Structures are given as C-alpha cells and as structure tokens.
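Written out below as structure tokens is the structure these notes cover.
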Amino acid sequence: MKINRRTLPLNSLRAFEATGHHLSFTRAADSLSVTQSAVSRHVINLEDLLGIRLFERKHHQLELTEQGRALLPVVTQAFDSLEKKMSDIVVGDGLGALRLAMPPTFAERIGIGLISEFETAYEDTNLSLNSLRDAVDLKKENLDLALVYTAPKVSEYVMDLLWLEKITPLCKPDVWAAFEGDSFEDFLLQNNLLHIKVDGLPYLTWSNWLRDKGYNRTDPQSGQIFDTASLATQYALKQGGIVITDPHLFQRELESGELVAPLEDRHPSGYGYYLLSRPEDLESSSVQNFRRWIISESDTISSMRNSLEEMAYQAETVATLRERVTKSSL
C-alpha cells in the first residue's frame, strides 16, 4: 500500500521517534506526556501499516531494526523542520528571519561589520546573532546558520570554507624593542607565551607552530591560558607577553601601532572559518541569500588579505636590502 498524506499516521510517527531516541516505551511516554501503553500501541500500528518490524523486543530492552534505523533520522528531520518553521511563524519572524552564531572574537572583530553590511544589502531579512565558541549543533541551538572555527572534518551539515587561518606572533612594540638576542627563539625564551584554547586544548597552537619552526628550546606549555584570542591579546596589550593568532583579527591594533608582528610570515594553522547550514534549509531564500553573500565577501576579503601580505613581504624585503646596502657602505 502506498502511503499518502491522507493516511500519514502522525501520532504513530511521533511515538516511533520518541521510542527510537529513548529505546524505551516508558521513557518515550514520559517525554510525550502519554501512557506507556499508548506509545506501544502507536508503534505497533505503524509497524502493521508498513508491514515490517521497527524494533527488536528483547528482555527489558529495545533495539532498532535496520529499517527502524533508516526511518528514524528521516522522521526526526521532518519533525524538526515543522517545529522550526511553526516556531518562526508563532514568534512573528518566519518570513526571512535568520538565526546565526559566530565565535566571540570573530563576531567582535569582523562579524558585526559583516552583519551590518548584509542587513544593508538585504533590508527585508531580520538577523539575530549568538556567540558560541564550542562545537555548534544547529538543531539543538535552534540556529539557521553558524560561522565556526574548526579544522576540516566530515559533518552532517553543509560546510562552506570561507577563510583558512594564517597565524603569527603578536606583541607590544616595547616588548619587541627590548629584545636582545641572536634568534627569534631567544625572543620567545625571554617572554611569556600566551595561549588560546582550541577545541578545549590550551597549548595546541603554540605547540604546532614551534614544531613547524623547528624551535625545540621553547617550552610550548609555559605561560598563561585564555579562552579567546580577544582575551589573550588584551592581556598582551596590558601585561606584555606574546600571543600567536590571526593578525587580521587585530588589524586595528597593528595599524595604530599598539601591536607589532615581529615576523612577516603568516603560518597556516590548519584551522579555518566555515559556514554551517542544514541541507534541508538550502532552499530557504534567506539562507540562500546569506550563503551566497558571505561566500562572495570571503573571496573579497581573502584577496585583500593576500594583497596586504604581499605588500608586507615586499616592504620587509626592501628594508632588508637597504640595511645590507648601508652596512656594506660603512
């Protein structure tokens, strides 16, 4: 028998979904505020309708069959989509509203400006911003989109790469000016390393950078630990120390002279900024507009970053040549 919307057993599907997640008729009944016998009856009715078993009934235990495991995520996704859209309509922002999350430092430094530009370009779209730094679950957080800082990975979501991060040490000008030594590693040994947690790991960024540079005299686990790049950099500005981060997040302080980047090279960290979206939301006009717009902006920003890095490299090369010419003439 072909299933159509007139015969779609919504109550049985709700009972199946709850039971599939809890693997217990009793806990499923509690979550739905109905009796255990009602949940069990609805699941049996669904199995009879489909002509298959969705659960294996074992002693005090339920297990999904292969067909049950295949059906459960489809039912969950369908209910999630209904719940999300109906919630949007109830709160009055269902036509073009977007709920977006970003890491706190990125939101503070770049994200707010991007959002302002997007709202200017798409005046009919309402956008709300959350700050989240840990792993993002769009469904759990009730989000439409998230701009996340992560290493490349397999995900249930659509992941669009926006920028790959390139890092370099930053410090106050007087910290760098006070350095007396023969190598940059000597400079590191004379100062505190400021660490930023990545994926809950406090020493990952400095450890990887020191290893790639071949600096084996510096202890990668020395120094203070901070939750965000913004906190670490604020500490560097007030108390000294060296933070390793994406200099483009702190372009304002670099241009004003509050911070300096002693090294001209920008080292890939292996992490980047990605836009997360749910496959089922890609047909939403609001999601389409933001996704298309942010990808276009990321191309523009990447080109600007590359140009700035090339200009910095050329300036350093000219300065080095002038220094050599001066020394040779003495």
Side-chain angles (χ1 to χ4, degrees), residues 93 95-138 141-153 155 157-168 170 196 198 228-230 233 245-256 259 261 266-313:
D93 62 356
L95 301 176
L98 280 178
R99 288 175 292 272
L100 174 67
M102 293 181 182
T105 298
F106 184 91
E108 174 191 347
R109 293 284 168 167
I110 296 177
I112 295 298
L114 287 175
I115 288 173
S116 178
E117 293 176 15
F118 174 76
E119 289 179 331
T120 299
Y122 294 90
E123 296 180 353
D124 294 336
T125 301
N126 300 315
L127 196 150
S128 62
L129 177 63
N130 293 324
S131 174
L132 296 173
R133 69 179 310 271
D134 297 322
V136 175
D137 186 329
L138 296 180
E141 303 293 340
N142 194 27
L143 295 167
D144 298 298
L145 297 160
L147 199 153
V148 299
Y149 174 76
T150 183
K153 62 181 180 181
S155 171
Y157 302 121
V158 177
M159 292 184 65
D160 295 303
L161 173 63
L162 301 178
W163 304 279
L164 286 174
E165 182 188 52
K166 294 183 179 181
I167 57 176
T168 195
L170 304 179
I196 304 163
V198 176
T228 68
S230 182
T233 305
T245 186
D246 182 350
H248 296 289
L249 292 174
F250 303 96
Q251 194 66 37
R252 184 169 61 249
E253 287 81 359
L254 289 167
E255 291 176 352
S256 69
L259 289 173
R266 305 292 186 260
H267 190 74
S269 68
Y271 280 70
Y273 293 94
Y274 293 80
L275 181 69
L276 292 191
S277 54
R278 289 180 284 198
E280 62 267 28
D281 288 344
L282 293 181
E283 295 183 3
S284 163
S285 59
S286 298
V287 170
Q288 286 180 7
N289 288 338
F290 187 85
R291 184 169 178 249
R292 187 186 309 112
W293 182 86
I294 195 69
I295 290 173
S296 174
E297 286 296 304
S298 72
D299 291 340
T300 301
I301 293 174
S302 294
S303 297
M304 292 173 61
R305 287 184 172 188
N306 292 336
S307 297
L308 288 171
E309 290 173 10
E310 180 63 24
M311 289 169 62
Y313 173 78

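In this text the structure is predicted, and so the values were computed from the model without any measurement. Computation of the quantities below employed the complete heavy-atom set of this structure, encompassing side-chain atoms and omitting hydrogens, waters and symmetry-equivalent molecules.
Side chain of T120 to backbone of S116: a donor-acceptor contact under 3.5 angstrom is found. Although no hydrogens or angles enter the test, the distance criterion places no donor-acceptor pair under 3.5 Å between the side chain of R99 and the main chain of L138. A donor-acceptor pair under 3.5 Å links the side-chain atoms of Q288 to the main chain of L282, judged by distance alone.
No side-chain heavy atom of L249 sits less than 4.5 Å from a side-chain heavy atom of T233. Using a 4.5 Å cut-off on side-chain heavy atoms (C-beta onward), H248 and W163 make no contact.
The minimum heavy-atom distance between L254 and A261, with the atom names listed, is CD2-N, 3.9 Å. A pairwise comparison of heavy atoms in L145 and S277 identifies CD2-CB, 3.4 Å as the closest pair. For the pair F250 and L259, the tightest heavy-atom approach, listed with the atom from each and the gap, is CB-CD1, 4.2 Å. Here the closest heavy-atom approach between residue G270 and residue P152 is recorded as O-CD, 3.5 Å.
Each of L170, T168, T105 was evaluated against T245; a single residue qualifies, L170, per the side chain to side chain contact (heavy atoms under 4.5 Å, CB included) test.
Atom CZ of R266 sits about 9.0 Å away from atom CG of D246, to the nearest 0.5 Å. Rounded to the nearest 0.5 Å, atoms OG (S286) and CG (L98) are 5.0 Å apart.
Take F118 and apply the ring pair (Phe, Tyr, Trp, His ring centres under 6.0 Å) test, not counting sequence neighbours, and it matches Y122, F290, W293. Every salt bridge (charged side-chain N to carboxylate O under 4.0 Å, His left out) that D160 has, sequence neighbours left out, goes to R291.
Residue pairs satisfying the salt bridge (charged side-chain N to carboxylate O under 4.0 Å, His left out) criterion with at least one member in residues 101-122, sequence neighbours excluded, are listed as follows: R109-E253.
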Practice task
Could you walk me through whether Y273 and F106 pass ring pair (Phe, Tyr, Trp, His ring centres under 6.0 Å), step by step?
Solution key: CA-CA 9 Å; Y273 293 94; F106 184 91; 4.7 Å; yes

